[in-house]
Amino acid sequence: MNLIRPYGDTTGDGMVQLSFTLPIEHSKVAEGAAVQLANKMGMDPALVVHAKPMGEGFTFFVVYGRVNHLVDPSTVEVVERDFPLLTPKEANAAIKRSLRRRLVVVGGCIGTDAHTVGIDAILNIKGFAGEKGLEYYREIKVVNLGAQVSVPQLVEAAREEKADAVLVSQVVTQRDAHLLNTREMSAAFREAYPAAKRPLLVVGGPRFDETMAGELGVDRVFGRGTTPGEVASFIVHKLARSKEKAS
């Protein structure tokens, strides 16, 4: 076993930094409450290194302290990339070869989510992290519906555009809104399409767990830092493989 412990000042000292907000006015009592919470979470000793009022009746804390917990990396479950990364030129060639038409992608932010930064980073030609977005791909037609799209609107747009893939970005996560919205979306597509005709369903956002695709009823979940090239490569890989199976 390769057990490891957090690193702070020296190797294996178990020091960690934790931030949280408590619904209490900033005071010495509030700081004591923050230390008490940290102790109950296994930090001992714990030191409040930052405390700041966050509006009336709330205080934000940063606590630094030692934990005794060990981590076993061999038991960690993650979603490894199981498809090759393609350049735009390679993706275009693969689409032309397998579909013999342009691949159609419909995207947007569903529910009350008005944060389009994520979906725009993937779809818009400007892209993200030095990579061009899907609009740059000659063989991909992009329909970006923008923010606050209802699930029925998304399904209707996908049907109208004959979408091969639907991309949904979710940033708003209060009360697990991103999970509820995703489940509602996947259920609506399963009701509206026969299984063989349903477009690929891809969701992404900073708070998603990439291992939850099956539970959420989608084909893929992408987390923070995902690039347009990764999304394009996944869609092309999945659709090309489906085409091969069908033929």
Side-chain angles (χ1 to χ4, degrees), residues 2-73 75-79 108-122 128-129 146-151 167-185 203-213 215-216 218 221-227:
N2 183 26
L3 300 180
I4 57 176
R5 180 179 276 114
Y7 170 94
D9 300 313
T10 58
T11 301
D13 61 9
M15 301 300 287
V16 299
Q17 185 168 286
L18 176 69
S19 64
F20 53 85
T21 300
L22 290 180
I24 185 173
E25 292 282 354
H26 179 229
S27 65
K28 287 191 174 182
V29 170
E31 294 194 10
V35 170
Q36 185 182 108
L37 175 63
N39 287 157
K40 289 185 176 184
M41 296 175 72
M43 295 176 66
D44 186 21
L47 175 69
V48 173
V49 294
H50 177 75
K52 182 179 180 182
M54 296 286 287
E56 189 175 343
F58 294 88
T59 306
F60 174 75
F61 297 95
V62 178
V63 178
Y64 187 64
R66 178 180 293 109
V67 297
N68 293 314
H69 310 301
L70 298 173
V71 178
D72 183 359
T75 64
V76 175
E77 294 183 10
V78 296
V79 176
C109 302
I110 58 176
T112 59
D113 203 323
H115 300 77
T116 62
V117 173
I119 197 70
D120 288 343
I122 300 301
F128 168 73
Q148 297 182 326
V149 181
S150 71
V151 169
L167 307 186
V168 167
S169 172
Q170 291 281 264
V171 174
V172 174
T173 59
Q174 285 89 342
R175 298 181 181 177
D176 286 338
H178 60 309
L179 304 180
L180 296 173
N181 290 340
T182 301
R183 289 191 179 101
E184 179 188 350
M185 182 265 294
V203 298
R207 298 288 182 86
F208 276 108
D209 180 346
E210 294 185 343
T211 66
M212 290 183 68
E215 183 182 334
L216 295 175
V218 298
V221 173
F222 284 107
R224 66 186 184 280
T226 300
T227 64

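FYI, side chains are in, hydrogens and waters are out, and symmetry mates aren't considered; it's all heavy atoms of this structure. Here, residue 1 is the first one in the sequence, and each next residue gets the next number.
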Taking all non-hydrogen atoms of both residues, which atom of [X] and which atom of [Y] are closest, and how far apart?
| X | Y | value |
| --- | --- | --- |
| Q17 | V62 | CG-CG1, 3.5 Å |
| A46 | N39 | CB-ND2, 3.9 Å |
| M43 | V16 | CE-O, 3.8 Å |
| E25 | T59 | C-OG1, 3.3 Å |
| V48 | A34 | CG2-CB, 4.1 Å |
| H69 | P6 | O-CD, 3.8 Å |

Inter-residue atom distance [X].[atom1] - [Y].[atom2], 0.5 Å rounding:
| X | Y | atom1 | atom2 | answer |
| --- | --- | --- | --- | --- |
| E31 | I24 | CD | CD1 | 10.5 Å |
| H115 | Q148 | NE2 | CD | 10.0 Å |
| D72 | I4 | CG | CD1 | 8.5 Å |
| F128 | D120 | CZ | CG | 13.0 Å |

Quiz item: Going through the distances and angles, do E215 and D209 end up as a side-chain contact (heavy atoms from CB on, under 4.5 Å)?
Solution: CA-CA 11 Å; E215 183 182 334; D209 180 346; over 6 Å; no
Backbone N/O of [Y] and side chain of [X]: donor-acceptor pair under 3.5 Å:
| X | Y | result |
| --- | --- | --- |
| S27 | A30 | yes |
| Q170 | I110 | yes |
| D13 | D9 | yes |
| E210 | G223 | yes |

Exercise. Enumerate the residue pairs fulfilling ring pair (Phe, Tyr, Trp, His ring centres under 6.0 Å) with a member in residues 26-68, sequence neighbours excluded, ordered by first and then second residue.
Key: F20-F61
Practice problem: I would like to know whether V117 and V171 meet side-chain contact (heavy atoms from CB on, under 4.5 Å); could you show each step before the answer? | Solution: CA-CA 9 Å; V117 173; V171 174; over 6 Å; no
Are [X] and [Y] packed together at the side-chain level, in the sense that at least one heavy-atom pair is separated by less than 4.5 angstrom?
| X | Y | result |
| --- | --- | --- |
| D176 | H178 | yes |
| V35 | V63 | no |
| L216 | F208 | yes |

Exercise. Tell me, with the steps shown, if N181 and D113 meet side-chain contact (heavy atoms from CB on, under 4.5 Å).
Key: CA-CA 10 Å; N181 290 340; D113 203 323; 5.7 Å; no
Practice problem: For atom CE of M41, decide whether the heavy atoms of other residues, nucleotides or ligands shown that lie under 6.0 angstrom number more than 12. | Solution: no
Quiz item: Can M185 and V203 be said to form a side-chain contact (heavy atoms from CB on, under 4.5 Å), step by step?
Solution: CA-CA 10 Å; M185 182 265 294; V203 298; 3.6 Å; yes
